[in-house]
A.B. asks: 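Here it is, the structure, as C-alpha cells.
In this text the structure is predicted, and so the values were computed from the model without any measurement. Chain letters run A, B, ... following the sequence lines, proteins first and then strands; every chain starts at 1.
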Amino acid sequence: MKNDPKTYITAYCSISGGKVYKDDKLIFKEDTPDETADFLLSVYKSFSIDYPKFYKMDNLSKLGFLAAELLLGGRQIAEEYGPERIGVVFSNASSSLDADLKYFETVKNIPSPALFVYTLPNIVIGEVSIRHRCKGENGFFIRDRFDTDWMQFYVQDLFDRGRVESCICGWVECLEAHYHAAVYLVESCPGEKALPFNSKHIHQIYETDNGEING
Amino acid sequence: MRSPVFIAGAGIISAIGNDIAGNLAALESEAAGMGEMQFLRSVHRHKLPVAEVKMNNAALAERAGMSADIGRAALLSAVAAKEALRNAAIDNLSTWRTGFISANTIGGMDKTEDFFKDFLHHPHQGRLRNLVHHECGAVTELVADQLGIKNYISTISTACSSSANAIFFAARLIRQGMLDIVVAGGTDALTRFTLNGFNTLMIVDQQFCQPFDENRRGLNLGEGAGYIVLVSEKVARTLLHQPVCTLSGYCNANDAYHQTASSPDGTGSYLAMKGALEQSGLRPGDIDYINLHGTGTNNNDIAEGTAIKMLFEGYYPPMSSTKSFTGHTLGASGGIEAVFAMLSIQHGLIYPNLRLETPMKELPFMPEKQFRKGVPVRHVLSNSFGFGGNCSSLIFSKI
Amino acid sequence: MADLKQQIIAQLSLKDLKPEDIGDDQPLFVEGLGLDSIDALELIVLLQQVYKIKLANAEEGQHVFRSVRTMAQYIMEHQPGTAS
C-alpha cells in the first residue's frame, strides 16, 4: 500500500470491554461489567454530553456517536474545514444485526418505526454527520474483520483526489454484549501528537485496549 | 487528464423483465411491474402492491445455475451479474485482475427471517455470528464464486444509495490501477422485514406509486438486481464490441439532517449532483436525461426536486423516475438505474414517468410522460439517495 | 394528562424530561418539544398499543399530536367503549 506522508492521524478514540481510551490515555473505565446499553449510557453521562437524541439511538449509533464525540473533544471541525470537506468512513462485521434483532422482537407486537430506522448500518454515519455537520463523502464497508490496508487506501484516496480535507474513520462494531469502536481523525496538517496515517498505526489504534479481534 | 473508466456491459433483472431485452420491451410498452404479491408471504398481500421479479426461487436458481436453497437476493444477483459479463463479452476474463463489488441492504434476510424466529425462541444457540457471515457477506461471495472473480470482493451497505456507491468505488479501483475489470451494482429481494418496516414509516403507497406527482402517496417496494461491467482503457481496447459509455463523474455527500428524512432544500442531493457535474467537467445544460431517485414519497420528491430546481435553473433536461416501473428496489436501485442509464445512451431512449397526472406545484418543471426513442443522449445523470443522509449521483457519458 | 405525558416520555425515550416539563398546550413538534417525523410515528404506535386507537395516516397525526391536550382530547373521543 502507498504510504503518503501528507496525511496524519491527529486524534483517536477506542471503546471496548468497559474501557474508553482517548489517544493513548484511559479516560473511562466501568466499575462492574454492565449491559452494553447501560455502559454506553454511563459513558454519555460521565462526560456530561448534552444531546437528548442520544437516548433514541440504537447501540451501534450510540457507540459511534460517543467515539466521535470524545475523538473531537469539542472541536468544531465543520467550522474549520467547511461541512462539505469532511468525510466519514466506517466499517464493521455485523452490519446492523444488533438493531435488526431488537426490531424483530417488536414485530410480534406492534413494529417500532423508531427501531426500524436503525436497521441499516450507515445510520451511525448519519448520526455522526448530523451532530458534527459533516457533509462530505461517506462510506460503510462490511468486512469479517477490520481491513486496515483497505481503510488506509480508501481514505488516502479521498485526500489525494481532493474530496475531503478531514475524515472521521474507523471500526464501529456492536452485537449484543460485544462492542468495539476504534475511531480516528485524519487530517493533512500534523498536530502535536500526530501519527503518520498508515495501516500500522490504524492497527495499533484498533488494538489499543487489546480488545477481542473479530474474525 | 484522468484515464476514463469504460462501461463494457450490463445485466439486469427486475419486476419488468428478467434480462436487458425484457426490461427494454417493458419500458417501451410502458408496462409497470407492480401487482399483488405472488411469491412473498405477508399479511399485506391484498393491501400493498409490490414489484416482484416474476420468477420463483426454483426458476431463478436454474437460471443462475445455483442451488435453490440460496437466498433470493443472491439468486437475483447471480442472474444479473452473469448477464452483465456475457454482455461485455470479455475474452479470457481470468487473465485480468477482476473485482466484484455488490451492494445489498438486507443480505439474506429472507432466510434470516426464519433464523430470527428460532433465535428468539432459543437465544443461546450461538449461531448468530455464523448468520452474519453466512447470510450477509455470503450474498456477494457466493456470486463472486459463480462469476469466477477472485481478486477483489466487497459488500457495501449505505442504504438505498449502496449500489451507486459500489459503482464509483469500482471506478476508483480501476483508476488507481488496482484492478482491470469490476462488475459493480447491487441486489435486494423483497422481504417481510423491509415491507413491514417501510409500512411502519407510513411511506408505502397502497396504490401504484406516482413519483413527482402533486398527489403522491409513497413508494412501492420492489426487488431485483442490476450490474455494469467497468473496465480500464487497456481492457477496452481488446473488446469485441466498442463500449457504449464512460462513467465520467460521481459524487457522494451527506445530507446531515435526519436519519431518514431529506432536508427540505435537498442539500445532500444538491451537493451530490453538483460534485458529479464538476468532476465530469460538464455544465447542467450538457445533461440530456436525469434518472431521478424519485421514490414517490412526499419527502424525497420535494427535496430532490428542489435541489434540481436550484442546480438546473433555466434549463431542465428530460427526466423521469423509473421506480414507477420497477418499484423501489433499495440496495439494487442504483445498479438497476445505472443499467437504464447505459441503455438510454446506447439506444437514444428517454423513459416515461408513469402515472404522472398533476405536476408538483412547487416545481417549475415536470418529468417526461411518454417513452421516446431516437433521441441523441450524450450525458445521463443518475441519482440515488439513501437513509442515513447518504446521497450519490453518477454521470454516464457517450463515447 | 400526567399519565399521558409519562407514556410519551417512555415511548420516545425522552429521558432528560419529566412529565412536569411538558406544558399541556406546548407544541410537541418543531419549536416546542422538537419532536420529528419518526416520533410522530411512535406516537401512533403509542395510541394503538395503550389506547387501541388506530390512526389512518400520518397527516391525521399532525392535528392529533399538536399538544398533549389535543392528544388527550382525541383519546377521550376515540377510545373504544367510551361514549362520545
Side-chain angles (χ1 to χ4, degrees), chain A residues 2 53 56-57 61 78 83-84 86-88 93-97 100-101 103-108 110-144 150 153-154 157 160-161 163 175-176 178 214, chain B residues 2 105-107 109 112-113 116-117 119-120 123 128-129 131-133 135-137 140 152 154-162 165 169 172-173 175-176 178 192-194 196-202 251-260 267-268 271 275 279 386-392:
Chain A
K2 184 164 60 169
K53 284 224 157 79
K56 304 188 180 199
M57 297 177 194
S61 289
E84 293 150 47
I86 306 161
V88 184
S94 301
S95 184
S96 57
L97 195 59
D100 296 356
L101 281 166
Y103 170 71
F104 213 74
E105 283 173 50
T106 71
V107 173
K108 289 180 290 188
I110 299 174
S112 160
L115 282 176
F116 178 68
V117 163
Y118 288 98
T119 63
L120 286 163
N122 66 303
I123 302 297
V124 56
I125 293 182
E127 294 287 9
V128 168
S129 297
I130 293 167
R131 169 64 162 173
H132 301 288
R133 294 199 296 130
C134 313
K135 296 189 180 179
E137 179 161 330
N138 48 120
F140 200 105
F141 299 91
I142 297 167
R143 293 295 170 90
D144 290 356
W150 163 254
F153 161 77
Y154 184 80
D157 186 57
D160 291 347
R161 308 254 159 205
R163 289 273 176 168
L175 182 58
E176 307 207 304
H178 173 83
N214 270 293
Chain B
R2 9 170 118 245
T105 63
I106 54 138
M109 192 56 83
T112 311
E113 283 180 340
F116 273 156
K117 278 191 201 138
F119 181 81
L120 292 171
L128 204 50
R129 280 205 71 82
L131 169 83
V132 180
H133 293 262
E135 303 294 347
C136 293
T140 310
Y152 184 83
S154 184
T155 307
I156 286 159
S157 196
T158 48
C160 305
S161 51
S162 302
N165 294 350
F169 296 150
R172 274 197 190 136
L173 290 171
R175 281 209 173 117
Q176 290 278 355
M178 290 174 77
R192 289 189 293 280
F193 188 95
T194 36
N196 290 334
F198 277 85
N199 196 38
T200 63
L201 298 183
M202 292 198 168
C251 183
N252 172 269
N254 198 291
D255 199 36
Y257 176 73
H258 184 265
Q259 298 93 323
T260 57
T267 309
L271 291 173
Q279 195 195 13
F387 284 176
N390 197 298
C391 298
S392 292

A.B. asks: Contact part of A:R131 toward chain B, heavy-atom cut-off under 4.5 Å: side chain, backbone, both or neither?
C.D. replies: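 Neither; nothing under 4.5 Å.
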A.B. asks: Nearest 0.5 Å please: distance from the CD atom of A:E84 over to the CG atom of B:L271.
C.D. replies: 4.5 Å
A.B. asks: Within the 4.5 Å heavy-atom criterion, are B:T194 and A:T119 side-chain neighbours or not?
C.D. replies: no
A.B. asks: Return the minimal non-hydrogen interatomic distance between A:I130 and B:Q259, and the atom names on each side.
C.D. replies: CD1-N, 3.9 Å
A.B. asks: Would you give the length of the straight line joining atom CG of B:N196 to atom OH of A:Y103, rounded to the nearest 0.5 angstrom?
C.D. replies: 5.5 Å
A.B. asks: Tell me yes or no: between the side chains of B:N390 and A:N122, is some donor less than 3.5 Å from an acceptor?
C.D. replies: no
A.B. asks: Let me know if B:C251 has heavy atoms under 4.5 Å from chain A in its side chain, its backbone, both or neither.
C.D. replies: both
A.B. asks: Can you tell which part of B:T158 gets under 4.5 Å to a heavy atom of chain A, answering side chain, backbone, both or neither?
C.D. replies: both
A.B. asks: Rounded to the nearest 0.5 Å, what's the gap from CZ on A:R161 to CZ on B:R175? Could you check?
C.D. replies: 6.5 Å
A.B. asks: Between CZ of A:F104 and CZ of B:R192, what distance do you get to the nearest 0.5 Å?
C.D. replies: 7.0 Å
A.B. asks: B:R172: which residues meet the salt bridge (charged side-chain N to carboxylate O under 4.0 Å, His left out) condition with it, sequence neighbours left out?
C.D. replies: A:E137, A:D157
A.B. asks: In the structure I gave you, are the side-chain heavy atoms of B:I156 and A:F141 within less than 4.5 Å of one another anywhere?
C.D. replies: yes
A.B. asks: Taking all atoms of both residues into account, what is the closest heavy-atom pair of A:S129 and B:A256, and its distance?
C.D. replies: O-CB, 3.4 Å
A.B. asks: Go through B:L201, B:T200, B:T267, B:N199 and name the one with the most non-hydrogen pairs under 4.5 angstrom from chain A.
C.D. replies: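 Of B:L201, B:T200, B:T267, B:N199, B:T200 has the most heavy-atom pairs under 4.5 Å with chain A.
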A.B. asks: Please tell me if the side chains of A:F153 and B:L173 come closer than 4.5 Å, counting only heavy atoms from C-beta onward.
C.D. replies: yes
A.B. asks: For each of B:S162, B:G388, B:G197, tally heavy-atom pairs with chain A at distances under 4.5 Å, and name the one with the top tally.
C.D. replies: B:G197
A.B. asks: Check whether any side-chain heavy atom of A:I123 lies under 4.5 Å from a side-chain heavy atom of B:F387, and answer yes or no.
C.D. replies: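 Yes. Closest side-chain heavy atoms under 4.5 Å.
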A.B. asks: What verdict does the side chain to side chain contact (heavy atoms under 4.5 Å, CB included) test give for B:N254 and A:V88, after you've listed the backbone C-alpha separation in whole Å, the side-chain angles of each residue and the deciding distance to 0.1 Å?
C.D. replies: CA-CA 9 Å; B:N254 198 291; A:V88 184; over 6 Å; no
A.B. asks: Is chain A contacted by the side chain of B:F169, its backbone, both, or neither, given a heavy-atom distance below 4.5 Å?
C.D. replies: side chain
A.B. asks: Between CG of A:N138 and SG of B:C391, what distance do you get to the nearest 0.5 Å?
C.D. replies: 8.5 Å
